[in-house]
Amino acid sequence: MLHWFRKYKRDLPFRINKNAYRIWVSEIMLQQTRVAAMLPIYEKFLERFPTPYALKDASEEEVMRYWKGLGYYSRAKNLKKGATLIVDRHSGEFPKTYEEALEIPGVGSYTASAVLSIAYNKIYAVLDGNVKRVLSRLFLVESDPSSSATERFLKTLSQEFVNPDFPGDHNEAMMELGALVCVPIPNCSACPWLDRCGAKASGKEKEIPASKVVDNWIDLDLNFLFLRSEGKLLAVKYPGRRFFKTIYSLPFRVEGKHPYENEPWLDEFFSDPGLSQNRSNARHSITNHKIRLRFCELDAKIRIDVEKKIASIPGLEWKWFDESALNEEFPSSISGKLLKLKNKLDKQRELPVGNV
Ligand code: SF4
């Protein structure tokens with residue numbers, strides 16, 4: 001497998017040198033993001049924050065801006081907190097023991113094992129979804145890998161299976177195999193384990209791992225409010241809401257049928273007779289939510305009236321910003337989609353009435 005890996009591995013920037021900080025950042029970014037989507041953001045992020053010191057010294061808002069497009073902003077927050085801990089307690093070097101690695105916010109067993117094995121050659125096996133699939137097939141594990149008993153078994157198996165001389169390469173090879181060859185419909189003819197694979201030998205390579213069909217998608221409408229006053233837009237941030245707990249966003253309301261509690265303070269703005277609702281919408285998804293994005297607009301003549309209304313919301317922070325900076329101030333790919341909808345509407349407004 002190691003020969004196969006050294007010959008066929010993808011040329012990825014976090015593999016160029018075995019720098020623990022760069023590997024840590026890549027592992028955190030890859031937690032819920034595909035490699036292709038993560039790469040351009042990763043390169044720019046490391047250009048701006050090449051060391052834990054640079055990340056520690058940056059403002060949280062700037063870090064969020066460089067994180068834009070990856071979603072799950074708590075990961076970026078944890079990276080910044082982790083960089084602070086690495087600088088303060090470990091002189092800027094990612095710690096070398098498993099226990100110390102686990103003290104870094106956002107670092108669990110998988111990330112600790114990945115960084116320690118790849119950067120420092122420590123003998124810890126990684127176990128992510130791809131590795132579970134490869135191991136289950138290789139060792140003919142037919143039970144559901146998401147059950148806790150099977151997961152424990154696979155964890156032990158992975159640790160026994162790791163190559164003690166090259167634990168980092170072994171882990172990367174297992175992950176690469178799961179990403180390129182031992183994919184859900186496996187390409188066994190290209191696999192270095194072809195002659196030793198339990199699932200292949202019993203003709204069960206497409207049945208293993210046992211799959212559990214989960215349909216837990218939630219359909220949601222998110223209606224964003226362009227609330228203008230004195231030529232600026234309002235952005236808010238507060239931990240009590242369902243989405244964007246850690247970044248500024250336009251105020252928004254969850255609408256339609258949904259399982260979440262409404263926030264009464266928003267109703268006052270959304271029921272204002274001066275509110276103009278745009279009918280166009282765009283699609284987006286966050287975790288298991290399929291989202292229909294819409295937006296509405298409201299001009300508030302007296303800014304202080306708005307501020308009085310929102311000042312009582314626990315933990316709510318707000319700021320006013322130029323509309324041209326929406327992408328930076330609301331660092332989510334949603335802001336780009338809203339701007340597209342908004343530009344479309346502005347163009348329609350410019351047309352003579354009969355052409356709209
Ligand atoms: S032989 Fe096929 S099923 Fe077995 S590990 Fe390789 S790709 Fe996966």
Side-chain angles (χ1 to χ4, degrees), residues 28 45 48-49 54-85 105-106 220 222-255 260-272 275 284 286-287 289 291 293-339 342:
I28 299 295
F45 191 92
R48 172 62 191 88
F49 312 113
L55 188 52
K56 179 196 168 185
D57 290 343
S59 72
E60 192 173 296
E61 279 177 26
E62 190 185 11
V63 175
M64 294 301 173
R65 277 206 296 279
Y66 276 82
W67 193 263
K68 190 180 160 194
L70 292 172
Y72 304 94
Y73 289 88
S74 55
R75 290 183 295 163
K77 257 192 143 174
N78 279 337
L79 261 187
K80 183 166 159 46
K81 280 191 209 155
T84 305
L85 187 143
L220 283 184
L222 291 193
N223 196 1
F224 286 84
L225 175 61
F226 284 69
L227 177 52
R228 272 183 210 88
S229 186
E230 299 171 22
K232 304 271 187 189
L233 281 179
L234 177 73
V236 293
K237 171 168 99 166
Y238 55 106
R241 58 184 174 174
R242 181 66 185 77
F243 302 106
F244 313 118
K245 292 172 198 265
T246 57
I247 59 169
Y248 279 99
S249 77
L250 296 176
F252 65 90
R253 189 166 73 159
V254 186
E255 297 182 337
Y260 305 119
E261 281 201 20
N262 267 318
E263 298 174 50
W265 71 273
L266 287 162
D267 293 345
E268 202 169 332
F269 295 108
F270 279 85
S271 59
D272 190 295
L275 187 92
H284 191 78
I286 303 177
T287 53
H289 300 88
I291 293 172
L293 302 172
R294 304 194 301 149
F295 77 91
C296 50
E297 297 174 272
L298 179 63
D299 287 326
K301 289 190 182 55
I302 306 171
R303 186 181 282 189
I304 192 81
D305 285 350
V306 173
E307 294 181 351
K308 270 189 206 156
K309 282 177 192 161
I310 58 180
S312 59
I313 315 302
L316 185 141
E317 296 168 50
W318 74 83
K319 64 178 167 186
W320 298 93
F321 66 96
D322 281 333
E323 188 160 337
S324 59
L326 180 63
N327 267 322
E328 289 76 43
E329 299 296 345
F330 176 16
S332 156
S333 44
I334 285 182
S335 58
K337 293 181 181 177
L338 290 174
L339 277 176
K342 174 83 175 33

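Sequential numbering from 1 along the given sequence is applied to the chain's residues.
Considering NE2 of H284 and CG of L338, their distance stands at 9.5 Å, rounded to 0.5 Å.
For F269, the ring-ring contact (aromatic ring centres under 6.0 Å, His included) test picks out no residue, with sequence neighbours left out. F321 meets the ring-ring contact (aromatic ring centres under 6.0 Å, His included) test with no other residue; sequence neighbours excluded. Remark: F252 pairs with F224, F244 by the ring-ring contact (aromatic ring centres under 6.0 Å, His included) rule, at least two apart or across chains. Under the side-chain contact (heavy atoms from CB on, under 4.5 Å) criterion, S59 pairs with E61, E62, not counting sequence neighbours. Listed by chain and number, the residues in a ring-ring contact (aromatic ring centres under 6.0 Å, His included) with Y248 amount to none (sequence neighbours excluded).
Using modelled atom types, one side-chain atom of R303 and one backbone atom of S229 make a donor-acceptor pair closer than 3.5 Å. Checked by atom type and distance alone, the side chain of S335 pairs as donor or acceptor with a backbone atom of F330 at under 3.5 Å. Between the side chain of K68 and the backbone N or O of E328 there is no donor-acceptor pair closer than 3.5 Å.
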H289 vs Y260, ring pair (Phe, Tyr, Trp, His ring centres under 6.0 Å): CA-CA, chis, key distance, verdict: CA-CA 12 Å; H289 300 88; Y260 305 119; 5.6 Å; yes
CA sep, side-chain torsions, deciding dist, call: L234, V236, side chain to side chain contact (heavy atoms under 4.5 Å, CB included): CA-CA 7 Å; L234 177 73; V236 293; 4.0 Å; yes
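Between E263 and R253, the closest side-chain pair of non-hydrogen atoms is not below 4.5 Å.
Under a cutoff of 6.0 Å and an axis angle of 45°, R241 and Y238 form a cation-pi pair.
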Residues 304-311 side chain polar contacts: donor-acceptor under 3.5 Å, at least two apart:
unit_1 : atom_1 : unit_2 : atom_2 : d
E307   : OE2    : W318   : NE1    : 3.4
E307   : OE2    : W320   : NE1    : 2.7
K309   : NZ     : E268   : OE2    : 3.4

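Of all the heavy atoms in K232 and D322, the pair that sits closest is NZ-OD1, 2.9 Å.
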